[in-house]
Amino acid sequence: MMILTKKMIEIRTILQKVGQSSTLTLPSIVVIGSQSSGKSSVLEAIVGHEFLPKGTNMVTRRPIELTLVNTPKGQEEYGEFPDLGLRRITDFSSIQRTLTELNLAVPDSECVSHEPIHLTVYSPNVPDLSLIDLPGYIQVVGANQPLQLKQKIAELCDKYIQPPNVILAISAADVDLANSTALRASRRVDPRGERTIGVITKMDLVDPTRGAAILNDKQYGLRLGYVGVVAKAPATPGLFKIGHTNLMSTITKQENAYFSSHPLEFGPEAGVNVGTTTLRKKLMNVLEQTMSSSLQGTSDAIKQELEEATYEFKVQYNDRPLSAESYLAEALDAFKHSFKQFTEEFGRPQMQELLKSELDQKVLDLLAARYWNKPIEDLSPAKPEVDSIYDLPKADPESLYWHRQLDASTSALTKLGVGRLATTVVASSIQAHIDRIIGQSTFANHPFARDAIMEATSTILNERYYSTSDQVENCIKPYKFEIDVDEREWAHGREQVGNVLKKELKDCESALGSLESAVGGRRKLKEVMSFVDKARKGDVIVEGDGRSGAGGFSAALLARGREAVFLRDRADIIKMRLMAVKSKQCAGINNKYYCPEVFLNAAASKLASTAVLFLNVELLSEFYYNFPRELDLRLGRQLAPSEVEKFAREDPRIRHHLEVIRRKELLELVLEKMESLRQLEGRERERRGGG
Ligand code: GDP
């Protein structure tokens, strides 16, 4: 017979996992009583162990949903906290400690929490039962307790004592029933006393006649009746330790001794229910009946819930099956696919371009430092005519000075650390591309995966960094001694440098443009600039460095003026150089001392293409080979199922999708179990009817 309760409790436990609405559950027995009514003592007598939090400072602050599971004779007793992943705790004082901690974790300001603690106790000595322990009602709020405490406890209890739950109302015999908070609360929600069991504790503290009268009470009549108990645990701690598992039998003996010494009041003839053993049996019967009778309603509710989940699954997710694993696998495949595409688009030409533009900048800097670091008048006193403007090195082409200038520039270029520069430029570009691919992939919403991928990227690149930059440096070594440029390379360099200079000029001019609007117009800027020019020539005197302004201009304005003058001069020089490069003089290789930028540009191209050859082998190919493998490792095989689950749930949409599926599966499982339960029940009825 009791197998039914066991199965119903199993179903109840699965339903707890479904969460959602509170209607979707099977009834339980809710234990209420005022503080010190003996509530904990009764519960512990039922379980046979001391396990509830004890203390003066309101120790039960959360509901404890206690599931008792009867196990075969001779098996070990233990408890489990499924939500915490704590399994097989055989030491009940450890269960007690955990419960105390969980309760005390509720902040004083909150008083009580509605979030239940789930505890399951497995033992051959307990019946299959589902009980809910609630904070005890308090009569008077203590000095250091919040004022709303009383109210909050009452609200929490009210939530649980709703039908179809059974109410176990604990009252002490030495308190007038009319003053029992538990009975008063139960009356409000169960006025006809149909689902309340009355428990009268501390029967030993009142006169037996009076005790018997309470159990026969008609004024607060309860259909399920009253049970009188003496559940006080033996006080001697020593005895306790030895007889830890014997709490149940100790209490039973104690009760038997008391009740049998008053046969007139409590004997079989007296027609009253006494003793925790009787109480236990009553609880089993009442729970089974209550659960059975709400089975149909619950099953209907589950069917409806399942229909909703099925509908949601269809409409929102098109019946698309999904698991955390398949989600990750798909995301990873798609990512690898995008990566493959990237590998086809990023190769030698792209690296060459990257590196060349980096070297172009370096060349511009070198030229500025070696050639164009003087005011334009010093460079070219001549009128701005195309051919004469590049007359600047007034020395003849044989002049050693200009030879040395070009040699020094070339040497600075080849010795600037091309190996490291090239490796760094390419590695950071790869990183930026990977970051972009992540941004366009499923992983964009998954910080965990993003980190894993970026880490995989930098691990591989870091491993190759030093050997690659050494190799590149080695292979450009010959250029440190000599660079030969042929006609074709020269022509190409000339064309390229034209573009570089044009771009540089544009940058200069747009910077000037923004300065103009920053100071409030072209005229204003012109005024400041002419003042700065005059100051530079010494025509006007600027005190100090003009920090507090001068010539009627504020310091900030002067700073902008100086910047503008710098940009204007720079633009002038670039214009001049552009004309020079385009001029006949720079058309051929034999005039390389007149045209240092063309020569250096051609040299930079040679450096870049040589570097790229090795970057391709040492860095890029290695990366392309290792990266997908590293991904598989980090986002595949190395992940525990719980990590995969956590990953998938990072995306709210996926989390919801997974939850709908899980809910659907759990509900289907429950319905299946209910169906087999119904069959079992039918057979049981038949057997009983027939026998
Ligand atoms: P709770 O606050 O309602 O959980 O009450 P407890 O179970 O902690 O009991 C309060 C006090 O009453 C404790 O000191 C218990 O030892 C004592 N007590 C509980 N049940 C009985 C009983 O049946 N007889 C006697 N004499 N004392 C009891």
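Counting starts at 1 for both ligands and their atoms, in listed order. These numbers were taken from a predicted model, which means no experiment stands behind them. Heavy atoms only: backbone and side chains are in, while hydrogens, waters and symmetry mates are out.
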Counting heavy atoms not belonging to [X], are there more than 12 under 6.0 Å from its [atom1]?
{"X": "E194", "atom1": "CD", "result": "yes"}
{"X": "F448", "atom1": "CZ", "result": "yes"}
{"X": "K159", "atom1": "NZ", "result": "yes"}

Examine [X] against ligand 1 and note whether any of their N/O atoms are separated by less than 3.5 Å.
{"X": "T201", "result": "no"}
{"X": "K202", "result": "yes"}
{"X": "A231", "result": "yes"}
{"X": "G38", "result": "yes"}

Note, L134 side chain near L156 side chain (heavy atom, < 4.5 Å): yes

Check against salt bridge (Lys or Arg N to Asp or Glu O under 4.0 Å), E659 and R649: CA-CA 9 Å; E659 268 162 16; R649 285 170 170 270; 3.1 Å; yes

Do we see a donor-acceptor contact under 3.5 Å between the side chains of [X] and [Y]?
{"X": "Q296", "Y": "D300", "value": "yes"}
{"X": "T5", "Y": "E288", "value": "yes"}
{"X": "S326", "Y": "S323", "value": "yes"}

In the protein, what heavy atom is nearest to [atom], and what distance, to one decimal place, separates them?
{"atom": "atom 25 (C) of ligand 1", "answer": "K232 CD, 3.4 Å"}
{"atom": "atom 13 (C) of ligand 1", "answer": "S41 OG, 4.9 Å"}
{"atom": "atom 26 (N) of ligand 1", "answer": "D204 OD2, 2.9 Å"}
{"atom": "atom 4 (O) of ligand 1", "answer": "S40 OG, 2.4 Å"}

Any G136 heavy atom less than 4.0 Å from ligand 1: no

Which of the atoms of ligand 1 are close to [X], meaning less than 4.0 Å from one of its heavy atoms?
{"X": "S34", "result": "3 (O)"}
{"X": "V230", "result": "23 (O)"}
{"X": "L205", "result": "26 (N)"}

Nearest atoms (heavy-atom pairs only) where V126 meets I46: CG1-O, 4.1 Å

Any protein heavy atom < 4.0 Å from atom 2 (O) of ligand 1: yes

Atom 21 (C) of ligand 1 within contact range, any protein heavy atom under 4.0 Å: yes

